[in-house]
Amino acid sequence: MKNHCKSKSMNALSTPWNTQLRELAKRCQFLQALSLYPQMLRHGDRPNAFTFPFALKSCAALSLPILGSQFHGQITKVGCVFEPFVQTGLISMYCKGSLVDNARKVFEENFHSRKLTVCYNALVSGYVSNSKCSEAVLLFRQMNEEGVPVNSVTLLGLIPACVSPINLELGSSLHCSTLKYGFDSDVSVVNCFITMYMKCGSVNYAQKLFDEMPVKGLISWNAMVSGYAQNGLATNVLELYRNMDMNGVHPDPVTLVGVLSSCANLGAQSVGHEVEFKIQASGFTSNPFLNNALINMYARCGNLTKAQAVFDGMPERTLVSWTAIIGGYGMHGHGEIAVQLFKEMIRSGIEPDGTAFVCVLSACSHAGLTDQGLEYFKMMKRNYQLEPGPEHYSCMVDLLGRAGRLKEAQTLIESMPIKPDGAVWGALLGACKIHKNVELAELAFERVIELEPENIGYYVLLSNIYSNANNSKGVLRIRIMMKEKKLKKDPGCSYVELKGRVHPFIVGDRNHLQSDEIYRVLEELEAIIMQEFGKPEKDNREESNKDGFTRVGVHSEKLAVAFGLLNTTTGAEVVIIKNLRICEDCHLFFKMVSKIVHRQLTVRDATRFHHFRNGSCSCKDYW
DNA sequence: CTAGGGTTAG
């Protein structure tokens with residue numbers, strides 16, 4: 001190449017450099033691409049309009065706006081600022097480096113660009129990615145007014161502006177107007193709308209769009225998988241994953257991340273394991289997103305050994321990897337290990353963020369490491385300039401509360417510089433239940449229902465506190481409140497994972513295809529239990545309708561056990577996936593059943609299952 | 001200029 005360069009004219013000389021630059025940028029080797037530029041100058045070769053777009057793209061990808069602005073200077077000198085590719089490159093580079101005002105300046109100063117769709121597109125998407133959505137919408141209107149043609153890329157840049165539930169209206173009006181442009185048959189535009197509706201929580205609408213697509217691409221499937229996963233619809237994710245397979249669509253890393261996240265929420269370890277196998281078979285083993293999702297999945301399913309193994313096997317661990325493994329140890333009560341790992345992470349030069357602190361604080365709380373937790377809370381601000389949010393305060397209230405330091409917890413809430421949310425008062429209420437403090441519970445309850453009047457969990461909690469204190473007046477008062485507000489506790493739910501399918505059960509469920517047989521097994525089991533161990537102390541079955549409240553029918557856990565026993569072959573492990581806080585009645589039932597059958601019954605924590613976000617599914621609390 | 005992704009108590 002060197003010989004080439006010396007012998008040709010200036011302009012043509014830069015061509016081999018440009019080709020190499022373009023190749024490197026295409027392969028995302030941006031640093032190498034940028035290092036080519038000084039080499040080129042050293043050779044005495046001049047950059048031209050074909051050089052800069054790739055240099056700018058590299059600056060954008062690496063978020064180096066300062067270097068980018070030096071290129072801007074060069075571009076002005078060379079005089080190719082009016083070239084569309086250079087211009088859009090500049091706008092995009094400044095936007096990716098968060099210098100939107102510079103981008104706007106480039107856009108405004110260039111007369112020729114005013115009518116160019118690509119330049120508008122670059123700025124529209126730049127505004128959106130810098131969360132300046134109203135500016136993006138204004139610019140979009142301006143395009144229409146000035147008669148600049150809108151293309152599908154314009155929409156791809158603009159639609160993500162409407163990804164929060166607040167913007168659903170704007171999003172759907174945008175959707176309506178795109179019908180007018182005729183982009184409703186463009187696969188990428190529809191994919192983008194699917195994502196938008198999913199992020200707005202409008203799952204049904206997203207599903208409708210997906211179902212009506214005549215041609216679906218891998219990204220369409222992925223948008224649905226991730227959307228379901230983000231909305232906590234883990235069973236839908238698994239169903240869709242099977243459907244993909246049947247339609248001959250091959251999953252890629254993005255698909256598998258969504259599937260793993262749902263396995264984590266369901267506690268569906270065997271599907272998760274299957275996915276891990278697929279990852280290895282497809283050669284995705286070094287994808288950091290996938291490894292983090294694997295750590296999370298194994299940790300949540302209680303398999304800390306495997307979570308640790310994935311973590312140890314990663315060539316590079318990001319903050320998210322550390323957070324996932326720390327959270328995993330924390331949620332299973334290994335507070336000391338979690339704290340050790342947190343220290344190790346800091347030693348390895350990774351700075352914790354707010355999320356990492358939530359994990360370590362809650363780990364301290366679960367393990368009773370009260371002072372350690374207090375120390376970390378102080379450290380947030382002192383060492384890392386992180387302002388504690390309400391989620392950190394609720395961890396602290398939980399930490400102090402569990403340790404019986406209720407007064408300190410209350411003082412902490414009162415000293416908060418930000419407004420406490422429902423979770424903060426809720427944590428105090430929970431602590432009052434553990435330490436049987438009725439008086440403080442009443443205060444916490446009053447505050448928490450001001451903030452979350454619809455959250456049934458808190459009513460149930462206070463009612464149970466009254467009940468433990470034999471305060472029947474209190475219990476009645478809460479029930480009347482709930483009745484007046486027409487609040488009803490969501491039923492609890494248990495899952496059994498069998499041959500890769502997840503079977504959900506709710507209290508008194510009759511929906512399952514094998515419903516009759518399940519009830520038969522249950523009755524048999526209970527008959528044997530009666531025979532062997534006598535009548536269980538508590539039996540909540542068939543208590544109906546006194547004072548208008550529905551009472552517990554047949555517990556979901558019991559149905560799940562009966563289903564498991566009915567459908568597994570000898571020696572198979574029955575996995576009951578359930579909220580850890582099962583009631584004494586069910587606990588007794590589990591113990592007796594596992595004595596009767598010589599199979600292993602495993603109880604898993606699935607409290608994270610989003611369906612129950614607004615109230616625990618502890619069946620004791622179900623009225 | 002350009003659609004889909006991992007970590008967050010109670």
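Naming convention: chains lettered A, B, ... in sequence-line order (proteins, then strands); numbering from 1 in each chain. Remember, it's a predicted structure, so these values are computed and weren't measured experimentally. Values below: all heavy atoms of this structure, side chains included; hydrogens, waters and symmetry mates excluded.
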**Asked** Base, sugar-phosphate, or nothing: which does A:N287 touch, judged by heavy atoms less than 4.0 Å apart?
**Response** base
**Prompt:** Quick one: A:Y393 OH to B:dG10 P, roughly how many Å, whole number?
**Reply:** 19 Å
**Prompt:** When the distance from CZ of A:F377 to P of B:dA9 is rounded to whole Å, what number comes out?
**Reply:** 17 Å
**Message:** Taking 4.0 Å as the cut-off, does a side-chain nitrogen or oxygen of A:R300 come that near to OP1 or OP2 on B:dT8?
**Reply:** yes
**Request:** Would you classify A:S321 as touching base, sugar-phosphate or nothing, given that sugar-phosphate means primed atoms plus P, OP1 and OP2, and contacts are heavy atoms under 4.0 Å?
**Result:** nothing
**Message:** Please pick, from B:dT2, B:dT7, B:dG5, the nucleotide with the shortest atom-to-atom distance to any side-chain atom of A:L156.
**Reply:** B:dT2
**Asked** Just checking, A:K208 and A:Y205: is the charged tip under 6.0 Å from the six-membered ring centre and within 45° of the axis?
**Response** yes
**Request:** Could you check which of B:dC1, B:dT7, B:dT2 has an atom nearest any side-chain atom of A:K57?
**Result:** B:dC1
**Euclidean distance, atom CG of residue A:L386 to atom C1' of B:dT8 [Å, nearest integer]** = 14 Å
**Complete:** Among B:dT8, B:dG5, B:dC1, the one nearest any side-chain atom of A:C359 is B:dT8
**Selected nucleotide, minimal atom distance to A:S125 side chain, candidates B:dA9, B:dC1, B:dG5** = B:dC1
**Asked** Just how far, in rounded Å, is C1' of B:dA3 from CG of A:L174?
**Response** 14 Å
**Complete:** Picking from B:dG10, B:dT8, B:dG5, the nucleotide nearest the side-chain atoms of A:N296 would be B:dT8
**Message:** Any side-chain N or O of A:H366 below 4.0 angstrom from OP1/OP2 of B:dG10?
**Reply:** yes
**Message:** Quick check for you: among B:dG10, B:dA3, B:dC1, whose closest atom lies nearest to any side-chain atom of A:V153?
**Reply:** B:dC1
**Message:** Measuring from the side chain of A:E391 (C-beta onward, heavy atoms only), which nucleotide among B:dG5, B:dA9, B:dC1 has the closest atom?
**Reply:** B:dA9
**Request:** Using only side-chain N and O atoms of A:Q230, determine if any of them is under 4.0 Å from OP1 or OP2 of B:dG5.
**Result:** yes
**Request:** Take atom CG of A:L294 and atom P of B:dT7, then tell me their distance rounded to the nearest Å.
**Result:** 12 Å
**Asked** Taking atom OG of A:S394 and atom CG of A:L412, what is their separation to the nearest 0.5 Å?
**Response** 10.5 Å
**Request:** Please work out if A:A427 contacts a base, only the sugar-phosphate, or nothing of the nucleic acid, heavy-atom cut-off 4.0 Å.
**Result:** nothing
**Message:** Rounded to whole Å, how long is the line connecting atom CE of A:M380 with atom C1' of B:dA9?
**Reply:** 13 Å
**Message:** Regarding A:P84, tell me which of base, sugar-phosphate or nothing describes its non-hydrogen contacts under 4.0 Å with the strands shown.
**Reply:** nothing
**Asked** At under 4.0 Å, does any side-chain N or O of A:S365 touch on OP1 or OP2 of B:dA9?
**Response** no
**N/O (side chain, A:R402) to phosphate O (OP1/OP2, B:dG10) under 4.0 Å** = yes
**Asked** A:K96 side chain N/O closer than 4.0 Å to the phosphate oxygens (OP1, OP2) of B:dC1?
**Response** no
**Item:** Sequence-distant partners of A:K278, salt bridge (Lys or Arg N to Asp or Glu O under 4.0 Å), two or more places apart
**Value:** none
Report all side-chain donor-acceptor pairs from residues 348-360 of chain A shorter than 3.5 Å, counting only partners two or more places apart or in another chain.
unit_1, atom_1, unit_2, atom_2, d
A:S348, OG, A:M345, O, 2.8
A:D353, OD1, A:T355, N, 3.3
A:D353, OD1, A:A356, N, 3.0

**Prompt:** Between A:K216 and B:dA3, does any side-chain N or O lie under 4.0 Å from OP1 or OP2?
**Reply:** no
**Request:** Among B:dC1, B:dA3, B:dT8, find the nucleotide with the atom closest to the side chain of A:I219.
**Result:** B:dA3
**Request:** Name the nucleic acid region contacted by A:D252, choosing base, sugar-phosphate or nothing; use a 4.0 angstrom heavy-atom cut-off, strictly under.
**Result:** base
**Prompt:** Between A:R104 and A:E135, is there a side-chain N and carboxylate O pair less than 4.0 Å apart?
**Reply:** no
**Message:** Any donor-acceptor pair under 3.5 Å linking the side-chain atoms of A:T154 with those of A:N151?
**Reply:** yes
**Message:** Of the options B:dG10, B:dA3, B:dC1, whose atoms approach the side-chain atoms of A:Y458 most closely?
**Reply:** B:dG10
**Request:** Test the A:K57-A:F30 pair against the cation-pi criterion, namely NZ or CZ under 6.0 angstrom from the six-membered ring centroid and within 45° of the ring axis.
**Result:** no
**Request:** For A:E452 and B:dG10, give me the distance from atom CD to atom C1', rounded to whole Å.
**Result:** 10 Å
**Fill in**
When rounded to whole Å, the CE to C1' distance for the pair A:M198 and B:dA3 reads 14 Å
**Item:** A:T323 side chain, from C-beta outward: closest of B:dT7, B:dT8, B:dG5
**Value:** B:dT7
